[in-house]
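Input: a single structure, listed below in structure tokens.
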There are 2 protein chains.
Amino acid sequence: MSQRQSKSEAAGNRESERRRTILRAAIDVFARKGYHGCRIADVAREAGVAYGLVYHYFKNKDELLETVVETGWSGFVSRMRAVAEEESTSLEEKVRGIADVAFEAYRVDPRAVKVLILEVARSPAGTQVVSRQQAYLDTIRMAADMFARAQSTGELRADLDPMLCASLLFGAIELGLTAFVSGLMEDRGPEALERAKLQIAESFLRGVLPGAATPAEASWKQEKVSSGTRPKAGKRS
Amino acid sequence: MSQRQSKSEAAGNRESERRRTILRAAIDVFARKGYHGCRIADVAREAGVAYGLVYHYFKNKDELLETVVETGWSGFVSRMRAVAEEESTSLEEKVRGIADVAFEAYRVDPRAVKVLILEVARSPAGTQVVSRQQAYLDTIRMAADMFARAQSTGELRADLDPMLCASLLFGAIELGLTAFVSGLMEDRGPEALERAKLQIAESFLRGVLPGAATPAEASWKQEKVSSGTRPKAGKRS
DNA sequence: TCCCCGGCTGATTGGCGAATCAACGGGCCG
DNA sequence: CGGCCCGTTGATTCGCCAATCAGCCGGGGA
């Protein structure tokens with residue numbers, strides 16, 4: 001059925017135009033009310049099309065989300081992979097590059113990023129289609145590989161767990177973006193984004209690159225001695 | 001449902017016992033399938049009680065989640081507040097204390113932590129009851145205040161945004177825990193947790209405490225010179 | 001002994017929303 | 001001109017699940 005582009009080339013265009021309209025509407029609505037918090041009718045209304053048309057282009061509600069996510073995520077991942085696997089750059093540049101990719105994506109389409117963070121990164125693990133969860137985990141693993149390689153060249157402190165480095169970096173970026181998404185950062189202008197990006201990358205790098213022992217490390221060694229028994233921490237009766 | 005014999009025990013005891021059983025079951029089921037992915041019937045079955053009893057103790061499904069979250073979160077927050085607002089400790093100790101609280105909570109009850117991360121931290125912003133989202137944001141703000149105070153005493157680099165520091169710390173902790181929750185870290189023994197906690201706290205501190213310029217910073221200054229034009233990063237057609 | 005009371009039960013209901021489907025219209029081809 | 005093809009429409013159907021409610025059971029008081 002796909003061969004039918006017979007109508008003028010405009011027609012073939014038209015079809016995907018509709019589809020794109022619906023996809024765009026889905027992103028906006030998902031960002032606003034969340035996947036579970038919205039009805040297909042909302043998406044249709046937002047897109048200005050009939051209810052049934054959504055089902056003409058997408059098998060069901062889940063496929064709609066899947067498409068939104070896949071589109072946004074695959075672009076993000078491929079850019080990130082390009083950065084992470086580039087042979088000739090230093091770890092530092094790679095880390096900065098990854099922050100670039102993430103923040104640039106947010107600058108270009110904040111709502112799409114919001115959906116990705118909300119529906120992919122934090123989707124209830126077990127339940128959902130595994131592919132989403134998997135894609136996210138694979139990305140972290142990719143970063144972990146990058147860090148592992150950097151260790152072998154001495155660009156990264158040897159005593160760190162690469163997987164944790166990856167978690168740390170992504171966690172910082174993700175919550176950094178969340179601060180913008182959720183309104184924690186009042187200033188959301190491009191310069192504020194830029195500053196945030198730099199602070200995150202720089203703080204992260206400072207923390208994991210090899211270098212002289214910092215006060216932090218020194219005191220860590222004697223933690224138990226100096227602080228004795230801390231009042232408490234955790235426990236939960 | 002076969003447990004009928006124990007009527008003789010203290011009646012007052014029994015009521016709250018049942019209630020706690022249901023709450024516990026809810027945590028387990030939410031952790032396994034997510035709030036939206038499970039039915040009240042699942043919770044009842046897990047608890048080994050009749051469907052209707054859940055509604056005897058909780059007004060509706062949402063109140064059930066609310067109770068789970070409030071219980072777990074309030075304990076976490078109060079511990080954290082105690083650490084963050086303690087007058088006589090250094091920023092360093094506070095940060096380590098916060099990591100302690102979070103990782104200890106996970107060690108004690110991983111499933112409860114999973115529910116908190118999934119259903120509180122990343123709940124679709126707009127839709128849900130605001131209180132949940134709010135509680136989370138307030139916690140981050142509390143940490144941001146802590147960092148702001150530390151700046152005024154010179155314990156924290158002055159050029160950092162306190163709110164971003166808080167995001168960075170929580171992001172690192174959260175994704176660190178997520179790595180365990182999701183199975184990214186194969187070793188989930190207590191020692192692995194301990195190591196992860198230390199690495200996260202140490203890397204974070206190294207990154208944000210004042211100190212001599214690190215290689216990271218030094219090389220960052222000349223980045224553009226040494227690397228020329230980076231291919232690209234972000235764009236999205 | 002009987003009856004009330006309250007914790008407890010689970011079949012039933014009601015509503016919501018995903019997914020279906022029969023029909024429409026307008027372009028295109030023969 | 002007439003028939004067909006398909007993108008489009010939106011009322012209708014259907015299944016699911018939260019929430020209800022009429023009633024059960026067993027203890028304790030009269």
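Remark: B/R39 pairs with no residue by the side chain to side chain donor-acceptor pair (under 3.5 Å) rule, at least two apart or across chains. Partners of B/A44 according to the side-chain contact (heavy atoms from CB on, under 4.5 Å) rule, which considers only residues two or more places apart in sequence or in another chain, are B/V49, B/V54. Checked against side chain to side chain donor-acceptor pair (under 3.5 Å), B/R107 has the following partners two or more places apart in sequence or in another chain: B/E104. With sequence neighbours excluded, no residue satisfies side chain to side chain donor-acceptor pair (under 3.5 Å) with B/D161. By the salt bridge (Lys or Arg N to Asp or Glu O under 4.0 Å) test, A/E70 is found to be paired with no residue, residues two or more places apart in sequence or in another chain being considered.
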N/O donor-acceptor pairs under 3.5 Å from side chains in residues 139-147 of chain A, not counting sequence neighbours:
| from | atom 1 | to | atom 2 | distance (Å) |
| --- | --- | --- | --- | --- |
| A/T139 | OG1 | A/A135 | O | 2.8 |

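Rounding to whole angstrom units, CG of residue A/L53 and C1' of C/dA19 are separated by 14 Å. A straight line from NE2 of A/H36 to C1' of C/dG17 spans 14 Å, rounded to a whole angstrom. When rounded to the nearest whole Å, the span between CD of A/E63 and P of C/dA18 equals 15 Å. Look at CZ on B/R19: it is 15 Å from C1' on C/dG7, rounded to the nearest Å.
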Enumerate all atom pairs, one protein N or O and one N or O from nucleotides 17-20 of chain D, separated by less than 3.5 Å.
| from | atom 1 | to | atom 2 | distance (Å) |
| --- | --- | --- | --- | --- |
| D/dC17 | OP1 | B/R39 | NE | 3.1 |
| D/dA18 | OP1 | B/K61 | NZ | 3.3 |
| D/dA18 | OP2 | B/I40 | N | 3.1 |
| D/dA18 | N7 | B/Y51 | OH | 3.1 |
| D/dA19 | OP2 | B/Y55 | OH | 3.3 |
| D/dA19 | OP2 | B/K61 | N | 2.9 |
| D/dA19 | N7 | B/Y51 | OH | 2.9 |

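From one end of the helix from C/dT1-D/dA30 to C/dG30-D/dC1 to the other, with five pairs defining each end axis, the axis direction shifts by 30° (rounded to 10°).
Of the side-chain N and O atoms in A/H56, none sit less than 4.0 angstrom from OP1 or OP2 of D/dT8.
Residue pairs meeting the side-chain hydrogen bond (donor to acceptor under 3.5 Å, both in side chains) criterion with at least one partner in residues 186-200 of chain A, sequence neighbours excluded, are A/D100-A/K197, A/E194-A/K197.
Using a 4.0 Å cut-off between charged nitrogen and carboxylate oxygen, A/D109 and A/R24 count as a salt-bridge pair.
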